[in-house]
Each structure stands twice: as C-alpha cells, then as structure tokens.
Q: 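The structure that follows is given in the form of structure tokens.
Values in this document were obtained by computation on a predicted structure and should not be read as measured data.
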Amino acid sequence: ELAGPRRKLGVGPQELVLHRFFSGRGALRFQGGYFGIRHNDAWIDELLYNLGLADKAQANMRQLSGGMKRRVLVALALVHRPPIIVLDEPTAGVDVELRQTLWQFIARLNQEGHTVLLTTHYLEEAEALCGRIAMLKAGQVVALDRTSALLKTVSGNVLQFKTSSALPAELAALARVTGRIVQLPAHDALEIERHLATLRSAHVDVQDLEIRRPDLEDVFLQLMTTATPSSKPVERTEVAA
C-alpha cells in the first residue's frame, strides 16, 4: 500500500503507459489497490462517466484509441482522490468535445480544493483554466505570475483578419500569420488606421476583420523573442490553485 506523500499526489503522464491486459474499470480498481482503496465503485463510475469512458469500461486497453487511453490515464491519476493533481498535456490528441468535458470535471475538482498543476501547449486552455502561469524557454523559467498580470504585460490591441492575398512588406515584417489568419499588433487607434490604410493601398482582400485585446499567445511570443534563457524568474508568493 502506497502511503505518505505519494498518496497525496495523482500524476497523469504524457506517455501512454497503461495496464495492457486490463479493462478500463479493471485498471482503475487495480490502481486503487496500490493505495489500499477497495469498494470504491461509485467513484470509479463517476470517473468513467465524467471522462466519457462509461461505454468503454469493459473494453480491453488494447482496443482503445489513443484519445481513449489518454482519458484512462487521467482517471488513474484521480482514482485515489489526491489533493494534488499533476497533468502532463492531458488533452494531447483528444477530441474537442472530450476536452471541454475533461476541463469542466477538473475545474470542479479544483473548486472542491484540489490543487492542479497543468502542462499544456494549448495556450487558450492555460489562459482559461490557470490562475498562475510559468513560461519556459530553453528549460529556464522566463515568466512566473498570475495570469491577469501576464496579460497586462502586452499593451495595445491586435488587428486580426483573414486574407488569401500577400501582405505588403512593411506589414509582413510585423504580422503573425497562421494559414489565412493574419494578426497585427497595434498600440492605438492611429496605428490601426495606418495598418488599414496600408492594406487598402496594397489592395489586400480583407475578410472577418476584428480588433481584440492581446491574449496569452501574444504574451508567450513576446517573451520568446525578447527573454533570454538566463533571465531570472519573477519572484512571487502566490500559491498555485
């Protein structure tokens, strides 16, 4: 029986390491046995339901898709109700519907008092879910602060639109382009107008134009271009939630 600090910690690793010859329900019962937990079928049923595994509860692990196996990993981390939950990219390869369901469940556990440490490449998830964020560059912490404080480090607005046209050189040097989506930083209304005038002069076909506030991705990209790996982390006293 595992006791002490290990019992207080639930870990969902990035690697798909599972009991190959168990069903989902069998794996959860077996995992609970490590912690001396028996007769916890009600909690196992709740995990299976909330993680979209109820209809696969008796399926062998080898029959599950990668996304289903990822769900089982999260369930295994939660089976002994640990106060601290560590999840390493839990939504990698997971469909959008499950991602929403998973985060609703994890947010509920957090509200009930569980501390959740999350590693993710999905910055919109980090912005929506995390109260405190650390960003790494070359293995070194280059930012560590409350989410709201990090968002305030990028001032101004972002002009966002879709286009299939080539951008003029002066805008291409500033733009972040993802497929047909173009994002241009703009510190004030005058700079927005200058961007629009340049686009009109170059006859760029602009669609779905909008002006938005900077998000966590803007913070991240700014840090990756300006911070050096030797930068010291910002010292804070807040506790992660």
Q: Do you know the tightest heavy-atom contact between Pro90 and Val74?
A: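 Pro90 and Val74 have their closest heavy atoms at CB-CG2, 4.1 Å.
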Q: Taking the side chain from Thr120 and the backbone from Glu89, do they hold a donor-acceptor pair closer than 3.5 Å?
A: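 Answer holds: no.
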Q: What are the two closest non-hydrogen atoms of Asp88 and Arg70, and how far apart are they?
A: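 Result for this residue pair: O-NH1, 4.4 Å.
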Q: Checking Ala175 now: which residues fulfil side chain to side chain contact (heavy atoms under 4.5 Å, CB included) with it, not counting sequence neighbours?
A: Leu167, Val177, Val182, Leu184
Q: Would you say the side-chain atoms of Arg213 pair up with the backbone N or O of Leu151, donor to acceptor, closer than 3.5 Å?
A: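 No; zero donor-acceptor contacts below 3.5 Å.
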Q: Excluding sequence neighbours, so at least two apart, what forms side chain to side chain contact (heavy atoms under 4.5 Å, CB included) with Arg29?
A: Arg25, Asp41, Ile44
Q: Determine whether Gln207 and Arg180 make a side-chain contact, defined as any pair of heavy atoms from C-beta on separated by less than 4.5 Å.
A: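 They are in side-chain contact.
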Q: Can you name the nearest heavy-atom pair linking Thr147 to Cys130, along with the distance?
A: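 Minimum heavy-atom contact is OG1-O, 2.6 Å.
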Q: Quick one: does Arg71's side chain have a donor or acceptor within less than 3.5 Å of a partner on Gly52's backbone?
A: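 Pair found, side chain donor or acceptor close to backbone of Gly52.
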Q: Sequence neighbours left out, what passes salt bridge (charged side-chain N to carboxylate O under 4.0 Å, His left out) with Glu124? Give chain and number order.
A: none
Q: Is there a side-chain contact between Val86 and Leu9, using heavy atoms and a 4.5 Å cut-off?
A: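 The answer is yes; the side chains approach within 4.5 Å.
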Q: Can you name the salt bridge (charged side-chain N to carboxylate O under 4.0 Å, His left out) partners of Glu112, sequence neighbours left out?
A: Arg108
Q: Please determine whether a side-chain nitrogen of the Lys or Arg among Arg200 and Glu193 lies less than 4.0 Å from a carboxylate oxygen of the Asp or Glu.
A: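 Yes.
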Q: At their closest point, which heavy atom of Gly12 faces which heavy atom of Ala77, and how far apart are they?
A: N-CB, 3.7 Å
Q: Just to verify, what does Glu127 make a salt bridge (charged side-chain N to carboxylate O under 4.0 Å, His left out) with, not counting sequence neighbours?
A: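 For Glu127 there are no salt bridge (charged side-chain N to carboxylate O under 4.0 Å, His left out) partners, ignoring immediate neighbours.
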Q: For Phe161, does the CZ atom have more than 12 heavy-atom neighbours from other residues, nucleotides or ligands under 6.0 Å away?
A: yes
Q: Check Leu209, Val204, Asp205 against Leu199 for a side-chain contact (heavy atoms from CB on, under 4.5 Å) and give me the one that passes.
A: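 The option that passes is Val204.
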Q: Determine whether Val219 and Tyr122 fall in the same hydrophobic cluster, where Ile, Leu, Val, Met, Phe, Trp and Tyr are linked whenever their side-chain heavy atoms lie under 4.5 Å apart.
A: no
Q: Run the salt bridge (charged side-chain N to carboxylate O under 4.0 Å, His left out) test against Arg176 and tell me which residues pass, sequence neighbours left out.
A: Glu217, Asp218
Q: Indicate yes or no for a side-chain donor-acceptor contact from Lys137 to the backbone of Met224 under 3.5 Å, with no hydrogens or angles considered.
A: yes
Q: Ion pair present between Glu125 and Arg99, side-chain N to carboxylate O less than 4.0 angstrom?
A: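 Judged by the 4.0 Å cut-off on N to carboxylate O distance, Glu125 and Arg99 do form a salt bridge.
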Q: Which pairs, with at least one residue in residues 56-94 and sequence neighbours excluded, count as a ring pair (Phe, Tyr, Trp, His ring centres under 6.0 Å)?
A: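 Those involving residues 56-94 are Phe35-His80.
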Q: Assigning hydrophobic clusters by single linkage (Ile, Leu, Val, Met, Phe, Trp, Tyr; side-chain heavy-atom cutoff under 4.5 Å), is Leu47 placed with Ile85?
A: yes
Q: Of all the heavy-atom pairs spanning Phe220 and Leu123, show the shortest one and how long it is.
A: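 Minimum heavy-atom contact is CB-CD1, 3.8 Å.
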Q: Please check this pair: side chain of Thr178 against backbone of Ile181, looking for a donor-acceptor N/O pair closer than 3.5 Å.
A: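 A pair under 3.5 Å: no.
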Q: Should Pro82 and Lys8 count as side-chain neighbours, where that means a heavy-atom distance under 4.5 Å?
A: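 The answer is no; the side chains never approach within 4.5 Å.
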Q: Can you tell if the side chain of Glu46 reaches within under 4.5 Å of the side chain of Asn50, non-hydrogen atoms only?
A: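 Of all side-chain heavy-atom pairs linking Asn50 with Glu46, at least one is under 4.5 Å.
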Q: Residues two or more places apart in sequence or in another chain: which of them pass side chain to side chain contact (heavy atoms under 4.5 Å, CB included) with Glu191?
A: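 Glu191: side chain to side chain contact (heavy atoms under 4.5 Å, CB included) contacts with Ala186, His187, Asp188, Arg194, His195.
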Q: What residues, two or more places apart in sequence or in another chain, satisfy ring pair (Phe, Tyr, Trp, His ring centres under 6.0 Å) together with Phe30?
A: His19, Phe22, Tyr34
Q: Using a 4.5 Å cut-off between side-chain heavy atoms of Ile, Leu, Val, Met, Phe, Trp and Tyr, which other residues end up in the same hydrophobic cluster as Leu190?
A: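 Leu190 shares its hydrophobic cluster with no other residue.
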Q: Does a side-chain heavy-atom distance below 4.5 Å link Leu64 with Lys56?
A: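 SC-SC contact between Leu64 and Lys56 confirmed.
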Q: Report whether Tyr49 and Val79 are members of the same hydrophobic cluster (ILVMFWY, side-chain heavy atoms less than 4.5 Å apart, transitive linking).
A: no
Q: Who pairs with Arg62 by side chain to side chain contact (heavy atoms under 4.5 Å, CB included), at least two apart in sequence or on another chain?
A: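 In terms of side chain to side chain contact (heavy atoms under 4.5 Å, CB included), with neighbours along the sequence ignored, Arg62 is linked to Arg20, Phe21, Asn60.
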Q: Rounded to the nearest 0.5 Å, what separates atom OG1 in Thr115 from atom CG in Asn110?
A: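 These two atoms lie 7.0 Å from each other.
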Q: Do you know which two heavy atoms are closest between Trp103 and Leu118, and how far apart they sit?
A: CH2-CD1, 3.4 Å
Q: With clusters defined by side-chain heavy atoms of hydrophobic residues (ILVMFWY) lying less than 4.5 Å apart, directly or transitively, does Val158 cluster with Leu171?
A: no
Q: Quick check: do Leu48 and Leu28 have side-chain heavy atoms less than 4.5 Å from each other?
A: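 Yes. Closest side-chain heavy atoms under 4.5 Å.
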Q: To the nearest 0.5 Å, what is the distance between CG on Leu73 and CD on Gln31?
A: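 That separation rounds to 10.0 Å.
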Q: For a 4.5 angstrom cut-off between non-hydrogen side-chain atoms, does Val72 reach Met61?
A: yes
Q: Would you please name every residue forming a side-chain hydrogen bond (donor to acceptor under 3.5 Å, both in side chains) with Asp55, sequence neighbours left out?
A: none
